[in-house]
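Structure, as structure tokens:
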Number of protein chains: 2
Amino acid sequence: MYMKKKAILNNNIVCQKRMQAIRDTMEILSGKWKFHILGTLMQSHSLRFMDLLREVDGIGAKMLSKELQDMEINRLVTRRVLDTKPVTVEYEITEHGRTLAPIIDEIAKWGIEYREVLYKKKPRT
Amino acid sequence: MYMKKKAILNNNIVCQKRMQAIRDTMEILSGKWKFHILGTLMQSHSLRFMDLLREVDGIGAKMLSKELQDMEINRLVTRRVLDTKPVTVEYEITEHGRTLAPIIDEIAKWGIEYREVLYKKKPRT
DNA sequence: AAAGCTGGTTTCCTTGAGGAAACTGGTTTC
DNA sequence: GAAACCAGTTTCCTCAAGGAAACCAGCTTT
């Protein structure tokens, strides 16, 4: 008679909470462009739609629009319509959005170190 | 005569490098399962294939196999075949893999705080 | 009035990620 | 010799992400 083995590490409440947290964050940051849009917005006070389209290399209007809507819902960015001659729209990162900076910084840092390791072709790992 | 506007923020070399770094890291960590597999492996000395299949909630054999291969190529985990009665295979996180801990920690931290904010329903944004 | 700007939306299409289930193959236990 | 276990692989399928291009509405310049 065999007892079916069960998960033992990840069945405690702390692990579950952590796993859920990772899932939450990654869902909010899902997609190919959010990091780049956020990174660009973090560098400037505010940007208009067409500015972002130019700044974020390779993105198309549809994806930019969709990602901005996503992030507005999640309060990472704000959208403000200005009453100018041809109507312009300003996007700005929120304080809440700025709290993602440590994540983005860690990811960028890791990527830079990774490239350096590749060049140096580590001796004997 | 209109001059077509060009990107101005992200065209400097530092930004490009940073963008590339983010792209690199996210490609290595791409997919639904890498964070969870890494998180699980970080908590234990080593785990066998079937252990991981049980620990990582919801994953199937195909994806687990594929993700582990990916991560082995990128030197995040090691695979060791043991000469036991029914052959067993041990997976272990590498030192290099452990350097991802700060990223995973930041992501988990942000997700936990995010949930807390949702519950508290912040007073006035 | 034609053309160009802004800020999108809509349509159509392709590709790939991921899942379920069956199968392999070697070993061991019943 | 039948059944079960480990560590996968293979096949088939679905669905969603993402891209290209056309379109739209309001306004301005020429």
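None of the values given here were measured: they were computed from a predicted structure. Just so it is clear: chains get the letters A, B, ... in the order the sequence lines come, proteins before strands, and each one is counted from 1.
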### Task
Return the 5'-most residue of the pair Gly58(A), Thr84(A) with respect to DNA chain D, ranking by each residue's nearest nucleotide.
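The residue closer to the strand's 5' end, by nearest nucleotide, is Gly58(A).
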
### Task
Could you check Ser30(A) against Thr88(B) and say which one's nearest nucleotide on DNA chain D is further toward the 5' end?
Thr88(B)

Figure out the [atom1]/[atom2] separation between [X] and [N], and round it to whole Å.
| X | N | atom1 | atom2 | value |
| --- | --- | --- | --- | --- |
| Asp83(A) | dG26(D) | CG | C1' | 12 Å |
| Leu82(A) | dG8(C) | CG | P | 11 Å |
| Glu90(B) | dA7(D) | CD | C1' | 14 Å |
| Phe49(B) | dG8(D) | CZ | C1' | 6 Å |
| Leu68(A) | dT9(C) | CG | C1' | 14 Å |
| Lys62(A) | dC24(D) | NZ | P | 18 Å |
| Leu64(B) | dA20(C) | CG | P | 14 Å |
| Leu53(A) | dT9(C) | CG | P | 13 Å |

### Task
Examine distances only and state if a side-chain atom of Lys34(A) and a backbone atom of Ser30(A) form a donor-acceptor pair shorter than 3.5 Å.
yes

### Message
Tell me whether Thr25(A) contacts the main-chain N or O of Ile107(B) through its side chain, where contact means a donor paired with an acceptor under 3.5 Å.
### Response
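Looks like yes, one N/O pair under 3.5 Å.
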
Please tell me which of the listed nucleotides, [options], lies nearest to the side chain of [X]?
| X | options | value |
| --- | --- | --- |
| Met50(B) | dG19(C), dC6(D), dT9(C) | dC6(D) |
| Val89(A) | dG8(C), dT6(C), dG8(D) | dG8(C) |
| Ala61(B) | dT9(D), dG18(D), dG19(C) | dT9(D) |

### Message
If I take atom CD1 from residue Ile93(B) and atom OG1 from residue Thr78(B), how far apart are they, to the nearest 0.5 angstrom?
### Response
9.5 Å

### Query
If you look at every heavy atom in Val87(A) and Leu82(A), which pair is closest and at what distance?
CG2-O, 3.5 Å

### Heavy-atom pair of closest approach, residues His36(B) and Ile22(A)
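Shortest heavy-atom separation between His36(B) and Ile22(A) comes out as CE1-CG2, 4.3 Å.
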
Check whether any side-chain nitrogen or oxygen of [X] sits under 4.0 Å from OP1 or OP2 of [N], and answer yes or no.
| X | N | answer |
| --- | --- | --- |
| Tyr91(A) | dG8(C) | yes |
| Ser65(A) | dG8(C) | no |
| Arg48(A) | dG8(C) | no |
| Gln69(B) | dT9(D) | yes |
| Arg79(A) | dG7(C) | no |

### Query
Taking atom CD of Glu27(A) as the centre, does the number of heavy atoms from other residues, nucleotides or ligands within less than 6.0 Å exceed 12?
no

### Query
With the threshold set at 4.0 Å, does a side-chain nitrogen-carboxylate oxygen contact exist between Arg23(B) and Asp57(A)?
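A salt bridge is absent here (no side-chain N lies under 4.0 Å from a carboxylate O).
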
### Note: Arg48(B)-Glu90(B) ion pair, threshold 4.0 Å (strictly below)
no

### Message
As a check on the pairing definition, encode DNA chain C in dot-bracket form, counting Watson-Crick and G-U wobble pairs whose two distances are under 3.5 Å, and using | for partners outside this strand.
### Response
||||||||||||||||||||||||||||||

